[in-house]
Amino acid sequence: MNDILPSLLGLCSGMALFLYSIKITSGSLQAIAGDKLKNILAKLTGNRILGVAVGAGITILVQSSTATSVMAVGFVNAGLMNLYQALWVIMGANIGTCFTTQIIAFDVGAVAPVVAFVGTFFCILTKNKKFRSLGEAVAGLGFIFIAMSLMKDSMAPLSELDEVKEIFAAINNPFVDIIVGIIFVNVIQSSAAGVGVLMAMAASGSQLITLEQAMFIIFGLNIGTCVTAVLSSIGGSRNATRAGMLHLLFNVLGTCIFSLASLILPVAEWIEQLSPNDVARQYANVALIFNVVSTVVLLPFGKLIVKLVKFLVPDKNGDEAGVQSLKYLNPRMISEDNQVGTEVLIGALCNEISRMLVMAGRNVQMSIEAVLDNSEKAQETINETEEYVDYLNKEISYYISHAMVYELSEKEAEAMSALFKITGNIERMGDHATNIAGYANLLESKGLKLSEKARDEVDQMVKTTTDAYNVLFGSKPGSVHIRMAQMEQKIDDMTEDYREHQLERLKSGACSGDACVVYSEMLTDFERLGDHMLNIAEAVAESDLIHLVSPEVAAAPSDTEHKKKAAVAEV
């Protein structure tokens, strides 16, 4: 009994050192990888097999499936990855995390102090950030093995106690074991660490739990580790919430499949035969086989899994009711513990700004059309959209200004500056649309009408602004400036011609003086719209990180409602 307190302290110390070492190793490897891995993760996930491979590879490199899953959720929220791609990455992350447990299963306790010493010594001597991070990663790995030895030695006397044996005998039930695994991993925040503790118990020579019992606890560890990804999706888009749920659903389905198989087939015996004399390796193999087999079995059903998640997490009614909201940005992207990277934040800003440009462009078109055929519903839609554009301008500017506080590369700083310019010019486009809509009201209130020729010119304005708007979305960053400059010159020429035509009509008496004044103001706004579109194109050309997506991709949350109203206005 005198050995109980020292053993408990030794176990707690070993577990603390183990968890801290895993955190240090993972954090150091992520620092070495930088944002490059995040960019690879966002770009190389189109194919399901490649997506699984990339997810596994990145998890092996950063030693954290949680980090990979949280990144995937962030990419979905930013609109840079769809749910199918996120599912492949999550499947791969589950496989990649088993690399850690496979390493831990090696009995290298004798050389662990040497590894820790070399890593620490290297970390202290070097001033280079990358090399220092490498030293921390090596030292962390050494301390992981030292922690394993400490936990193993501490478990030996504890496993002989009758009270401890009774506790583990009481949880010898598959369902209870899964619950224990879920609770345990949420306390220690690492499924790999949970498997490591089980392996330390096995390596101590204790017979507290059977392989089958450990197998169900490991299933629970896999389910419980999804909590971080689910929490990271809170406050994000609906798709981000679904991405978090994908991780949970995948592991729950895998657990159901394996639990059913274990009740029918001697799965534990098969795994034991792979390494009959190495219990720690058996536990590591359970985690590996669970994740590999779950991926192989569920990979063909990816579309069904995504559909199930969409059913479990349906669209909010507010998404269709014109509620003002950000679709791709959330506060975590500008927090100090941002895990998605600056370039991903820039991608999210581009998608959000594209939504804003879609709304402003739609408002421009509707406002010019209102001059020809004004209606109360059209004016209401224009005003609502303008409020939404102002809201997005304020929110996007907030994110850009806060992002610029952090250390940015020259390339990223240029992109942020360009995005700020783009946002301001889109907001001014919205203001001009409101001005033009006001001219429609003024014509109606004074009972004024434009001449047929003036109406034909207004029709040409609608077509030209639509063409210019399509240039912004349909051109490559390298050519958008040139093409938009041509469109802006066309708008200037049209404005000059239409002013001359207006004077001719005024002299001939074809239109009233009051109508001419209103039409002249409208031409001024039309010309300035071209200037703002050119400013946007120039800003896009400043950075190769900026990409404005097509209107189909950047549809606003209230798109359905706006289309209904726009259809009324366009009749």
Side-chain angles (χ1 to χ4, degrees), residues 37-59 65-97 222-223 225-226 228-230 232-234 236-257 291-316 319 327-330 339-341 343-344 347-348 350-352 354-355 547 549-550 552-555 557 559:
L37 287 180
K38 297 170 185 176
N39 298 332
I40 291 173
L41 185 61
K43 295 174 182 177
L44 300 182
T45 52
N47 177 277
R48 66 178 68 192
I49 303 299
L50 185 59
V52 171
V54 170
I58 290 179
T59 302
S65 62
T66 298
T68 306
S69 299
V70 169
M71 278 190 273
V73 171
F75 293 150
V76 171
N77 189 70
L80 304 179
M81 182 183 290
N82 60 40
L83 289 174
Y84 300 102
Q85 293 170 311
L87 178 59
W88 316 144
V89 170
I90 288 168
M91 288 179 172
N94 277 19
I95 295 174
T97 194
N222 276 273
I223 294 175
T225 195
C226 306
T228 304
V230 172
S232 72
S233 68
I234 296 175
S237 66
R238 207 62 176 159
N239 270 348
T241 304
R242 289 166 177 161
M245 287 295 296
L246 277 176
H247 195 186
L248 178 62
L249 182 61
F250 171 71
N251 282 328
V252 168
L253 291 174
T255 296
C256 292
I257 292 170
N291 287 303
V292 171
V293 173
S294 295
T295 297
V296 172
V297 171
L298 295 175
L299 191 61
F301 303 100
K303 290 184 178 180
L304 292 177
I305 294 174
V306 171
K307 286 182 179 178
L308 179 56
V309 168
K310 287 182 177 180
F311 173 77
L312 295 174
V313 187
D315 288 322
K316 293 180 180 178
D319 292 344
K327 188 174 183 181
Y328 302 104
L329 294 167
N330 69 75
Q339 296 188 18
V340 297
E343 289 196 23
V344 175
C350 287
N351 285 339
E352 209 72 72
S354 294
R355 289 180 63 220
H547 302 280
V549 297
S550 65
E552 290 76 15
V553 177
D559 202 40

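The distance from the NZ atom of Lys303 to the CG atom of Leu87 is 12.5 Å, given to the nearest 0.5 Å. The distance from the CG atom of Asn222 to the CG atom of Asn94 is 6.0 Å, given to the nearest 0.5 Å. The CG atom of Leu253 lies 9.0 Å from the OG atom of Ser294; values are rounded to the nearest 0.5 Å. Interatomic distance, CG of Leu249 versus CD1 of Ile305, reported as 6.0 Å (0.5 Å rounding). Remark: Cys256 SG to Ile223 CD1 distance equals 7.0 Å, nearest 0.5 Å. Taking CG of Asn291 as the start and OG1 of Thr97 as the end, the distance is 8.0 Å to the nearest 0.5 Å.
Val54 has its side chain out of reach of Trp88: every pair of non-hydrogen atoms, C-beta onward, lies at least 4.5 Å apart. Side-chain contact between Asn351 and Lys327 is absent, with no heavy atoms from C-beta onward closer than 4.5 Å. Annotation: side chain of Arg48 is not in contact with side chain of Tyr84 (no heavy-atom distance under 4.5 Å).
Residues forming a side-chain contact (heavy atoms from CB on, under 4.5 Å) with Ile90 (at least two apart in sequence, or on another chain): Ser69, Leu246, His247. Residues satisfying the side-chain contact (heavy atoms from CB on, under 4.5 Å) criterion with Lys310, sequence neighbours excluded, are Leu83, Arg242, Val306. Contacts of Ile49 classified as side-chain contact (heavy atoms from CB on, under 4.5 Å), with partners at least two apart in sequence or in another chain: Asn47, Leu299. The side-chain contact (heavy atoms from CB on, under 4.5 Å) search around Leu312 returns Leu308, not counting sequence neighbours.
Minimum interatomic distance between Met245 and Val309 (heavy atoms only, all atoms of both residues): CB-CG1, 4.2 Å. Leu329 and Ala348 make their closest contact through CD2-CB, 3.7 Å (heavy atoms, listed as atom of the first residue, atom of the second, distance). Nearest heavy-atom pair, Gly96 versus Thr59, reported as atom, atom and distance to 0.1 Å: C-CG2, 3.7 Å.
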Exercise. Show your working on side-chain contact (heavy atoms from CB on, under 4.5 Å) between Val89 and Val52 and close with a plain yes or no.
Key: CA-CA 5 Å; Val89 170; Val52 171; over 6 Å; no
